[in-house]
2 protein chains.
Amino acid sequence: MKKESEELVGVKEIARRANVSIATVDRVLHDRPGVSLKTKEKIQQIIKELNYQPNIVARTLASRKKLKFAIIMPASSEETSYWKAPLDGVLQAEQELRQYGISVEKYLFDQNNRKTFVKQTAALLQQKPDGILLAPMFVEESNQFMQQCREQSIPVVFINSDLPGQSGLAYVGPDLYQSGYLSAHLISYLVRPSDSILMLHITRELEMDHHLLRKEEGFRTYWQEQGYTQELITMHIGQTDTETIRHHISRQLKNSSIRVLFVTNSRVAAVAKVLEELDRTDLLLIGYDFLEDSIVYLKKNVIDFLICQKPQEQAYLGMMALYDKLVLNQPVKSVHFMPIDIITRENYLFYNN
Amino acid sequence: MKKESEELVGVKEIARRANVSIATVDRVLHDRPGVSLKTKEKIQQIIKELNYQPNIVARTLASRKKLKFAIIMPASSEETSYWKAPLDGVLQAEQELRQYGISVEKYLFDQNNRKTFVKQTAALLQQKPDGILLAPMFVEESNQFMQQCREQSIPVVFINSDLPGQSGLAYVGPDLYQSGYLSAHLISYLVRPSDSILMLHITRELEMDHHLLRKEEGFRTYWQEQGYTQELITMHIGQTDTETIRHHISRQLKNSSIRVLFVTNSRVAAVAKVLEELDRTDLLLIGYDFLEDSIVYLKKNVIDFLICQKPQEQAYLGMMALYDKLVLNQPVKSVHFMPIDIITRENYLFYNN
DNA sequence: CTTATATTCGGGTACGTACACGAAATTATC
DNA sequence: GATAATTTCGTGTACGTACCCGAATATAAG
């Protein structure tokens with residue numbers, strides 16, 4: 001039962017009704033000093049009555065402040081091109097935000113080298129950005145970085161994975177636990193009682209990425225809840241080259257009951273390659289992320305399912321969250337879980353990463 | 001290798017360089033008369049050199065023209081609340097576009113009554129809208145409507161399903177064929193060689209919605225391509241009440257080899273209800289759309305998968321396509337297929353319709 | 001060459017908000 | 001009660017573009 005006749009009113013109308021100038025109204029709107037309590041309350045009253053909505057277009061045009069955003073995330077690498085998508089999201093946001101006087105500085109680091117992260121954060125902070133988009137890969141270092149951001153009261157948005165115990169402005173990314181849980185459900189349709197499942201964490205980071213573990217946790221929980229009895233073999237491969245992967249996998253596959261391989265990140269492409277070489281494409285393979293390499297194997301039926309969570313959109317939405325907060329002064333959802341998408345040979349063409 | 005130093009230039013700078021006033025530049029920009037060929041070419045040259053991008057914010061603020069959009073789609077009904085989502089998308093777009101001086105008129109019809117459609121289109125055209133969003137349920141009537149729109153040169157965007165042989169400004173919706181194809185793929189994982197599959201079209205429209213048939217086509221194509229031999233039973237139920245559905249289904253289920261039910265639209269909720277009553281929740285049930293009713297059965301494991309294609313976003317994007325075309329003068333993708341989402345008990349919480 | 005008519009252009013204001021600057025009103029100080 | 005200090009407020013300009021109106025220039029008609 002909203003009022004339909006909400007004609008768009010502006011500060012001028014408010015000023016007229018309050019018998020003051022628009023400048024005074026403006027001061028009240030922005031909570032700036034120089035207004036007596038009495039007139040302030042009167043104006044606030046009128047603003048509420050009229051349900052005044054500032055004209056964002058005019059506001060943007062008149063506002064001179066130029067904001068600076070900074071992003072820090074891993075660089076796309078040989079090992080995985082996953083991070084190309086988030087960067088694209090950032091670029092898209094940059095494109096749109098330019099008109100609004102916002103510039104974006106990009107800091108990329110090597111996700112296999114914590115030092116590069118520390119170095120880049122230092123460089124970043126020197127620029128004194130007004131808002132930061134962060135992919136917190138290294139827990140310890142990120143915590144320290146967050147500490148500094150808090151001191152300088154710069155809002156930070158996380159993407160891709162959360163930082164346990166830290167509260168930034170917002171988190172935009174997957175619910176990792178549920179993601180693993182879903183995988184288990186999917187796989188439950190594919191296995192027979194006598195089959196075994198091989199779960200693979202393939203990453204160079206010694207302190208295995210916490211988000212891989214969260215996925216495993218979700219997976220195992222589902223499996224237990226359902227009371228399934230199939231064997232569940234977990235394995236961590238600390239090298240990402242094909243050689244090492246082949247070595248480990250072929251050894252495991254001597255266990256002939258293994259029928260499903262579940263790779264907890266984008267390295268599924270490497271596993272697919274190995275399976276093809278071993279001529280074991282009969283096995284079911286499930287993994288993460290929409291990468292070109294993986295799509296090739298998806299088409300060839302080597303990979304059966306890819307689970308994906310719109311990495312580009314994560315970054316884009318993260319940037320927009322900063323914009324909403326810093327420019328529009330709007331409240332921002334502190335957690336924005338991305339949908340859990342299941343990609344197959346049939347629908348990948350229509351997936352926008 | 002783009003130029004980084006693209007400082008934002010405006011008409012003022014162009015005017016200065018061309019030794020003319022900004023009014024003249026404006027005339028060239030909008031291709032208005034009153035400029036000699038010589039100066040026109042000079043200005044166009046400079047515009048190109050500077051890679052001038054008009055400031056959309058300022059343009060919007062200064063532009064007085066008020067556009068009127070109109071939408072026409074089925075009303076959300078007792079039978080299915082599917083159309084609530086697209087309407088929400090429209091409302092969201094309306095909310096955002098208000099600031100830009102765009103109003104939205106809504107015309108809803110009864111999807112079981114073609115006459116209401118005709119009536120509403122007539123009312124719509126009297127308002128002489130500048131752009132139209134159309135869900136073309138009735139092929140014949142929609143074609144006639146399109147004819148009138150063409151005569152009045154009003155751009156039309158389709159959502160939800162395309163209109164064969166008609167070319168509007170754009171189509172935003174699912175690739176129905178692929179959608180059926182994917183379902184078949186999904187189901188292929190779930191059936192044993194001796195199982196049968198029951199495909200159900202449940203709709204009151206006599207000339208069965210063409211998009212249901214497109215889905216069936218995709219499904220059958222996959223099944224043939226793969227050389228599967230399972231029995232595929234297709235059935236059209238012309239009444240949507242539980243009673244009728246139960247009657248037909250229980251009769252079919254005497255065929256004890258049926259193990260999978262595939263419902264080609266949102267009436268899957270009704271089927272789920274029937275299966276529960278019949279105590280046949282052991283059967284696998286797959287259907288369409290993210291409706292509350294269906295989610296209930298998804299949670300209860302009666303429905304196993306829902307295929308969904310972001311109906312809200314379809315409408316939202318459709319509206320924005322009109323905006324891009326009519327306000328920003330930007331080219332619009334003529335076909336925008338939505339991703340094909342697979343919803344399960346595990347990921348439905350994170351699905352935004 | 002003068003006057004009339006078309007053509008080509010520039011000045012100026014408006015869109016709704018932000019903010020600098022200074023004026024007016026109020027309060028404090030002696 | 002006069003002056004200073006402080007508080008409170010209004011005027012005016014700017015943001016970049018759209019477009020009205022009238023002025024200047026060019027072309028046509030006599």
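Only this structure's heavy atoms are used, side chains among them; waters, hydrogens and symmetry mates stay out. Each chain gets a letter, A, B and so on, in the order its sequence line appears, and its residues count up from 1.
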How close or far is atom P of C/dT17 from atom OH of A/Tyr100, stated in whole angstroms? 16 Å
Measure from CG on A/Leu61 to C1' on C/dC15 and round the result to the nearest Å. 9 Å
Salt bridge or not for [X] and [Y], using N-O below 4.0 Å?
{"X": "B/Lys333", "Y": "B/Asp324", "answer": "no"}
{"X": "B/Arg98", "Y": "B/Glu94", "answer": "no"}
{"X": "A/Asp130", "Y": "A/Lys66", "answer": "no"}

Select base, sugar-phosphate, or nothing to describe what B/Asn55 touches, counting heavy atoms under 4.0 Å on all strands. sugar-phosphate
Select base, sugar-phosphate, or nothing to describe what B/Val57 touches, counting heavy atoms under 4.0 Å on all strands. nothing
Return the 5'-most residue of the pair B/Gln53, A/Val20 with respect to DNA chain D, ranking by each residue's nearest nucleotide. A/Val20
With nearest nucleotides of DNA chain D determined for B/Arg27 and B/Thr60 from heavy-atom distances, which residue corresponds to the more 5′ nucleotide? B/Thr60
Under 3.5 Å, which N/O atoms of the protein pair with N/O atoms of nucleotides 6-8 of chain D?
none

Distance only, no hydrogens: is a donor on one side chain within 3.5 Å (strictly under) of an acceptor on the other, for A/Glu151 and A/Gln147? yes
OP1, OP2 of [N] versus side-chain N and O of [X]: anything below 4.0 Å?
{"X": "B/His30", "N": "D/dA18", "result": "yes"}
{"X": "A/Ser63", "N": "C/dA18", "result": "no"}
{"X": "B/Tyr52", "N": "D/dT17", "result": "yes"}

Would you indicate which nucleotide in D/dA14, C/dG10, C/dC19 comes nearest to any side-chain atom of B/Ala23? C/dG10
What is the bend of the helix from C/dC1-D/dG30 to C/dC30-D/dG1 when you compare the axis at one end with the axis at the other, using five pairs each and rounding to 10°? 60°
Please confirm whether the ring centroid of B/Phe350 lies under 6.0 Å from the ring centroid of A/Phe337. yes
A/Ser153 (side chain) donor-acceptor with A/Arg150 (main chain) under 3.5 angstrom: no
